[in-house]
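Quick caveat: nothing in here was measured; it's all calculated off a predicted structure. In what follows, every heavy atom counts, from backbone to side chain, and hydrogens, waters and symmetry copies are set aside.
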Amino acid sequence: MPQSDLTILPIRHHGPGSARSVARALEAHPPATLLIEGPVDADALLPFLNEPAMTPPVAVMAHVQGHPERSVFYPLAEFSPEYVAIRWALSRGVPVAFMDLPASVTLAHKEEAAEAEPDATDPTSTPPEDAVRADPLALLAQAAGYSDFERWWDALVESRGDGEAVFAAIAEVMAAVREAEDGHTSARDLIREAQMRQTIRAALKGGSVAVVCGAWHAPALTPEVLAREAKADPARVKGLPKTKVALTITPWTHGRLTQASGYGAGVASPGWYAHLYATPSQVSERWLTRSARLLRARGLDASSAQVIDAVRLADALATLRGRHLAGLDELTDATRAVFAWDSDTPLRLLSEELFVGEALGSVPAGVPAVPLEQDLAATLARLRLKREAVTHDLTLDLREDAGLSRSQLFHRLTLLGVPWAKEAASRGTGTFKEAWTLRWEPEFSVRVVEASRHGNTLVRAANSAAVSAARRAADLGALSDLLEVTRLSGLPGAAAFTLARLDERAADADTAALLLALPPLARLARYGDVRARGDDDLRPVFRTLVARAAAGLPNAAHGLGEEAAQTLHRQLAGADAAVRLLDDPEASGQWVVALHALDAQGTAPLLRGDAVNRLRDRGLLDAAQVQVRLAAALAPGAPPLDVAAWLGGFIGEDGQTLRHDPAALALLDTWVVGLDPDAYSEVLPPLRRSLSRLDPHARRRLGEELRGLERTEQAAQVNGELGAGVVPVVLRLLGVTLPAGDPL
């Protein structure tokens with residue numbers, strides 16, 4: 001829309017049609033200066049956007065110095081008109097600059113921000129301050145027969161890309177809408193537009209200017225408005241609060257460009273827009289071919305004939321709907337009808353790879369970044385790892401230096417609050433393997449900046465973060481877990497500090513905390529030499545904690561209510577597994593003494609039964625001793641709920657005691673059969689809960705054993721009755737004379 005020396009190119013952020021039209025308009029009328037909507041204090045970053053190593057999507061990131069959690073982002077995709085315009089200018093030597101409010105002003109205005117707030121420059125965005133704005137545009141879309149503005153704009157602009165002509169139409173529509181909305185533009189937008197006009201006026205002194213801006217702002221940047229507001233604008237932008245900021249360019253993802261991610265200027269389908277921008281011809285055919293390929297990869301039928309049918313259907317739908325080209329709606333309807341027979345299941349399978357088209361950008365090495373980010377990039381290059389936006393599984397062999405180094409990197413990043421890699425269950429046996437699931441999210445870049453307060457390298461930052469966490473740890477369990485992480489991270493300094501803190505806190509820790517600290521310590525003492533290659537022996541510390549826990553356990557188990565007993569039972573189970581894992585004779589002996597002490601009156605029934613089970617499992621109670629304790633627990637007059645609790649501990653997680661001790665099972669069966677109806681109703685729910693922990697196979701085996709007991713009793717009864725009649729006859733045949741009064 002050339003007017004005098006000013007050309008306004010109103011666009012939709014992240015619109016491929018807008019991007020193509022901008023490129024054509026700039027080629028037709030090259031300006032002396034190009035201005036882009038964006039923070040004016042980020043101009044120094046513009047040259048990086050034209051480097052070969054720059055791969056979108058990326059985002060200009062600004063954060064408050066010392067408070068990286070207060071940040072704002074300005075995303076750019078390959079199909080973003082601003083990105084296309086910047087690259088055009090830089091490749092031709094045309095001066096290019098941003099023209100919006102500085103990020104220092106924006107961040108001073110924001111109380112807190114982890115991502116960019118809804119973008120008021122986008123006509124599809126509805127800022128919280130001005131919900132009225134979206135209504136006129138929605139009405140326009142509705143009048144044109146579209147369900148929402150997104151689809152209307154896509155049909156009229158993004159799927160066409162008609163060059164300069166489209167900008168005049170957009171400007172006319174936006175002018176009419178802004179006039180009709182009767183001054184409801186937010187106060188913040190009015191200040192932004194004043195800043196833009198000030199930048200435009202300064203640039204016009206050097207010749208012709210082209211402006212690429214969000215369509216909503218176009219009516220406020222015309223030559224007429226520039227002249228009318230020339231005196232008022234300086235006062236509007238003078239004295240605005242500012243804060244010290246740092247700016248960089250960070251990788252971004254298509255997922256973060258979607259409206260579903262909460263990004264106000266987001267689009268419904270970045271994958272579709274990327275396809276639309278990169279595909280000059282056969283748009284429908286190539287899109288549906290990709291759809292079929294992805295469906296076949298997931299085991300669904302998607303033949304070439306179906307692709308042809310889907311293309312014909314999409315084109316027919318476009319014709320019926322008055323569109324010159326099939327858009328995403330038509331292609332989606334055709335996919336659903338041809339490939340899925342009106343089911344949405346294939347569409348859900350295609351969602352991430354096709355509609356979102358997940359991709360992670362990359363930035364050149366020279367982009368300003370905090371030292372920690374630079375060290376991370378160098379470490380990833382050395383270990384041959386790439387940050388990707390898709391989920392990736394990785395199995396490491398810790399006997400190899402590369403595997404161990406990667407493992408330590410993942411653990412260090414987790415310590416720093418960057419959970420790029422999440423540990424998964426590894427297949428196979430052995431302690432030399434670690435399985436990880438990797439997926440990089442854009443917000444991790446912010447967390448790296450936040451973690452830089454701990455140090456300039458990964459080792460220093462992770463070590464400092466671990467020491468800080470050890471000082472703040474609330475209990476022994478937290479310290480024990482942290483010790484495990486520091487060892488796995490290869491941080492001997494932090495591990496030594498954490499171990500000293502753990503030993504220090506153990507002296508006054510309660511029994512529960514001591515029990516929780518044992519499992520991580522046992523794993524470290526058993527596998528530490530393999531995973532962390534440490535030389536220090538943790539067994540003495542483990543023995544000390546076991547001794548203190550064993551001494552306090554009997555008192556801790558007395559007088560507990562049901563909930564407290566269950567909590568202690570879980571802690572005791574973890575500690576018992578830890579003692580078994582390490583298999584240290586001294587620690588095991590101290591632990592067995594504690595188990596014997598639990599098998600005493602006054603201890604919670606659940607814990608008494610559990611102690612009997614664990615002692616039997618260790619071979620320290622024989623079958624006769626177990627039966628004595630079971631008979632005592634099931635003695636007549638015992639409260640049914642106490643009996644049920646005792647049985648819950650005695651049966652255990654897998655029911656091994658009942659499965660391998662028929663006498664114990666018979667005693668339990670006799671006790672249950674002898675309950676009166678009221679007691680049976682009361683004890684049935686807790687008994688059922690105890691047995692429900694057993695796996696189906698174990699329950700089936702117990703059922704078979706009980707049926708066997710019943711058959712044995714019935715057979716004994718029948719055999720006794722038959723024997724009473726047969727024995728006298730046999731004795732008489734043998735010539736035996738029975739004394740008078742003998743019952744036989």
Under a 3.5 Å distance rule, please check whether Asp41 uses its side chain to pair with a backbone N or O of Ala103 as donor and acceptor. yes

Taking NZ, NE, NH1 and NH2 as the nitrogens, is one of them in Arg312 or Asp315 under 4.0 Å from a carboxylate oxygen of the other? no

With side chains defined as the heavy atoms from C-beta onward, is the minimum distance between Ile249 and Met61 less than 4.5 Å? no

Determine whether a donor-acceptor pair (N or O, by modelled atom type, separation under 3.5 Å) exists between the side chain of His254 and the backbone of Val356. yes

Is it true that Arg290 and Glu285 have a side-chain N and a carboxylate O under 4.0 angstrom from each other? no

Is any NZ, NE, NH1 or NH2 atom of the basic residue among Glu400 and Lys433 found under 4.0 Å from an Asp or Glu carboxylate oxygen of the other? no

Residues Arg387, Glu373: salt bridge by 4.0 Å N-O rule: yes

Find out whether Val84 and Phe79 are in side-chain contact, i.e. whether some heavy atom of one side chain is under 4.5 Å from a heavy atom of the other. no

List the steps, then state whether salt bridge (Lys or Arg N to Asp or Glu O under 4.0 Å) holds for Arg321 with Glu330. CA-CA 9 Å; Arg321 295 169 181 174; Glu330 288 73 31; 3.0 Å; yes

May I ask you to decide whether Asp375 forms a salt bridge with Arg382, counting only side-chain N to carboxylate O separations under 4.0 Å? no

Looking only at heavy atoms, what is the nearest atom pair of Gln306 and Ala302, with distance? OE1-CA, 3.1 Å

Between the side chain of Arg178 and the main-chain N/O of Pro219, is any donor-acceptor distance below 3.5 Å? no

Hey, can you tell me if Phe355 and Trp287 have their rings parallel, tilted or perpendicular (30° and 60° cut-offs)? tilted

Mind checking whether Val363 and Thr55 have side chains closer than 4.5 Å, heavy atoms only? no

Heavy-atom donor-acceptor pair, Ser80 side chain to Ala77 backbone, under 3.5 Å: yes

Heavy-atom side-chain contact between Ser208 and Thr7 under 4.5 Å: no

Any side-chain heavy atom of Val173 within less than 4.5 Å of one from Val177? yes

ring-ring contact (aromatic ring centres under 6.0 Å, His included) against His63, all qualifying residues, sequence neighbours excluded: none

Looking at Arg406 and Glu434, is any side-chain nitrogen of the basic one under 4.0 Å from a carboxylate oxygen of the acidic one? no

Between Trp420 and Glu441, is any side-chain donor less than 3.5 angstrom from a side-chain acceptor? no

